[in-house]
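Some notes on the structure that comes next.
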Amino acid sequence: IPTVCSETCVGRLRYIGLMLYDADRVLEAAATENDHDLYEAQRSVFLDPNDPTVQAEAERAGIPADWIEAAKKSPVYALINRFKVALPLHPEYRTMPMVWYIPPLSPVVDVIKDTGYDAEDVDNLFGAIDTLRIPVEYLANLFTAGDVAHVNTVLKKLAAMRSYMRDVNLGRDPRDEIPAAVGMEGEDMYEMFRLVALARYEERYV
């Protein structure tokens, strides 16, 4: 059952999902020497709930079957490990936070709109992400211990989704080169869009 704080969150807490993780590896991940490696270290602690081996170990550990099913449907797992667009807050504190965030694309979109260019065009969006140093560095200091590479990757995935889905929604032939530019396929991009933009309550709170 969603908590009252999540239901009324002024920061628009939008997803709750169950995560399976390897408890024996948490301390090792938290002790990762290089701050810039902490994001991937924590992500690697999470287990794939669709892996039959993980499912069998979870059952042996006494985790109920409905919990395992919930983990398979977890929107949080999808955003962190499938689409890789959610990031942890201040990983350098080594608290291994279990509240993750999707960096906003809005600062980039606003700059493009203010200059009179098309804020849905993937080339404009990618170019702005590459050149807007201050907002990207600020987001990196929040989510990736200052490593801008991961933030750039997330913003470009969100930008690609924005541009790709505009073509779909306008009835144009989707351009496969757009998701390919961020290492995704069109079907994955559509699924990410469904979760980020259209998901019903029961898909967001699992």
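Worth knowing before you read on, the calculation uses all heavy atoms, side chains too, and leaves out hydrogens, waters and symmetry mates.
- In plain terms, the two heavy atoms of Thr144 and Asp147 that are nearest each other are OG1-O, 2.6 Å.
- A 6.0 Å sphere centred on OH of Tyr117 holds no more than 12 heavy atoms belonging to other residues, nucleotides or ligands.
- A donor-acceptor contact shorter than 3.5 Å is absent between the side chain of Ser74 and the backbone of Ala70.
- In this structure the side chain of Val109 reaches within 4.5 angstrom of the side chain of Leu125, judged on heavy atoms.
- Using a 4.5 Å heavy-atom cutoff, the side chains of Phe126 and Val182 are in contact.
- You'll find the side chain of Val54 stays beyond 4.5 Å of the side chain of Ile68, heavy atoms only.
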side-chain contact (heavy atoms from CB on, under 4.5 Å) between Lys72 and Gln55, worked out: CA-CA 10 Å; Lys72 289 161 67 174; Gln55 293 172 17; 4.0 Å; yes
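- Counted within 6.0 Å of CD on Glu187, heavy atoms from surrounding residues, nucleotides or ligands total 12 or fewer; the atom is thus considered open.
- In plain terms, the two heavy atoms of Gly17 and Val76 that are nearest each other are N-CG2, 3.2 Å.
- The nearest pair of heavy atoms linking Ala160 to Ile178 is O-CG2, 3.4 Å.
- Screening Tyr77, Tyr21, Trp100 for a ring-ring contact (aromatic ring centres under 6.0 Å, His included) involving Phe46 leaves a single residue, Trp100.
- Leu79 and Leu47 fall into different hydrophobic clusters, defined by Ile, Leu, Val, Met, Phe, Trp and Tyr side-chain heavy atoms under 4.5 Å apart, directly or through other members.
- Arg172 contributes atom CZ, which lies 5.0 Å from atom CG of Leu170 (distance to the nearest 0.5 angstrom).
- Here the shortest heavy-atom pairing between Pro88 and Gln42 reads CB-OE1, 4.0 Å.
- Counting heavy-atom neighbours within 6.0 Å of Glu202 CD, excluding the residue itself, gives a total above 12.
- Side-chain atoms of Asn124 come within 3.5 Å of backbone N or O of Asp118 as a donor-acceptor pair.
- Looking at Arg94, its side chain does come within 3.5 Å of a backbone N or O of Thr32 through a donor-acceptor pair.
- Considering every non-hydrogen atom in both Ala71 and Leu20, the closest pair reads CB-CG, 3.8 Å.
- Closest approach of Val45 to Ala29, counting heavy atoms only: CG2-CB, 3.6 Å.
- Inter-residue side-chain proximity for Leu87 and Pro103 is flagged as met; some heavy-atom pair is nearer than 4.5 Å.
- Side-chain contact between Val122 and Arg175 is present, with at least one heavy-atom pair separated by less than 4.5 Å.
- Under the 4.5 Å side-chain heavy-atom criterion for Ile, Leu, Val, Met, Phe, Trp and Tyr, Leu38 and Val26 are members of distinct hydrophobic clusters.
- Looking at Lys157, its side chain does come within 3.5 Å of a backbone N or O of Phe83 through a donor-acceptor pair.
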Chi angles and distances behind the salt bridge (charged side-chain N to carboxylate O under 4.0 Å, His left out) call for Arg194, Glu191: CA-CA 5 Å; Arg194 267 206 46 79; Glu191 287 300 314; 5.2 Å; no
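- A donor-acceptor pair is defined here as one N or O able to donate and one able to accept, closer than 3.5 Å; no such pair exists between the side chain of Glu92 and the backbone of Gly146.
- Residues Ile102 and Leu158 form a side-chain contact, since some pair of their non-hydrogen atoms from C-beta on lies under 4.5 Å apart.
- Remark: Lys156 engages Asp130 in a salt bridge (Lys or Arg N to Asp or Glu O under 4.0 Å) (not counting sequence neighbours).
- Val206 and Met192 fall into different hydrophobic clusters, where Ile, Leu, Val, Met, Phe, Trp and Tyr residues are linked whenever their side-chain heavy atoms come under 4.5 Å apart, directly or through other members.
- The CZ atom of Arg204 sits 5.5 Å away from the CZ atom of Arg14 when rounded to the nearest 0.5 Å.
- Dense packing is recorded around CD of Glu137, with more than 12 heavy atoms of other residues, nucleotides or ligands lying under 6.0 Å away.
- Between the side chain of Thr131 and the main chain of Ala128, a donor-acceptor pair closer than 3.5 Å is present.
- Contact of the Leu89 side chain with the Val99 side chain is not registered, since no non-hydrogen atoms from C-beta on lie closer than 4.5 Å.
- Side-chain polar atoms of Arg25 and Ser44 form a donor-acceptor pair below 3.5 angstrom.
- Listed by first and then second residue, the ring pair (Phe, Tyr, Trp, His ring centres under 6.0 Å) pairs that reach into residues 147-200 are Tyr39-His150, sequence neighbours excluded.
- From Leu139, atom CG reaches atom CG of Asn152 across 10.0 Å, with rounding to the nearest 0.5 Å.
- For the pair Pro135 and Val108, the minimum side-chain heavy-atom distance is 4.5 Å or more.
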side-chain contact (heavy atoms from CB on, under 4.5 Å) assessment of Val151 paired with Ile129: CA-CA 10 Å; Val151 172; Ile129 291 167; over 6 Å; no
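- From Glu69, atom CD reaches atom CG of Leu18 across 11.5 Å, with rounding to the nearest 0.5 Å.
- Shown here is Asn169, whose CG atom has more than 12 heavy atoms of other residues, nucleotides or ligands within 6.0 Å.
- Salt bridge Arg43/Glu40: present, at least one basic N to carboxylate O contact under 4.0 Å.
- More than 12 heavy-atom neighbours from other residues, nucleotides or ligands sit within 6.0 angstrom of CG on Leu198.
- In terms of hydrophobic clustering, with Ile, Leu, Val, Met, Phe, Trp and Tyr side chains grouped at heavy-atom distances under 4.5 Å, Trp67 and Met19 are assigned to different clusters.
- Cluster membership check: Tyr201 shares its hydrophobic cluster with Ile16, using side-chain heavy-atom separations under 4.5 Å among Ile, Leu, Val, Met, Phe, Trp and Tyr.
- Remark: the backbone N or O of Ala119 is paired with a side-chain donor or acceptor of Arg162 at under 3.5 angstrom.
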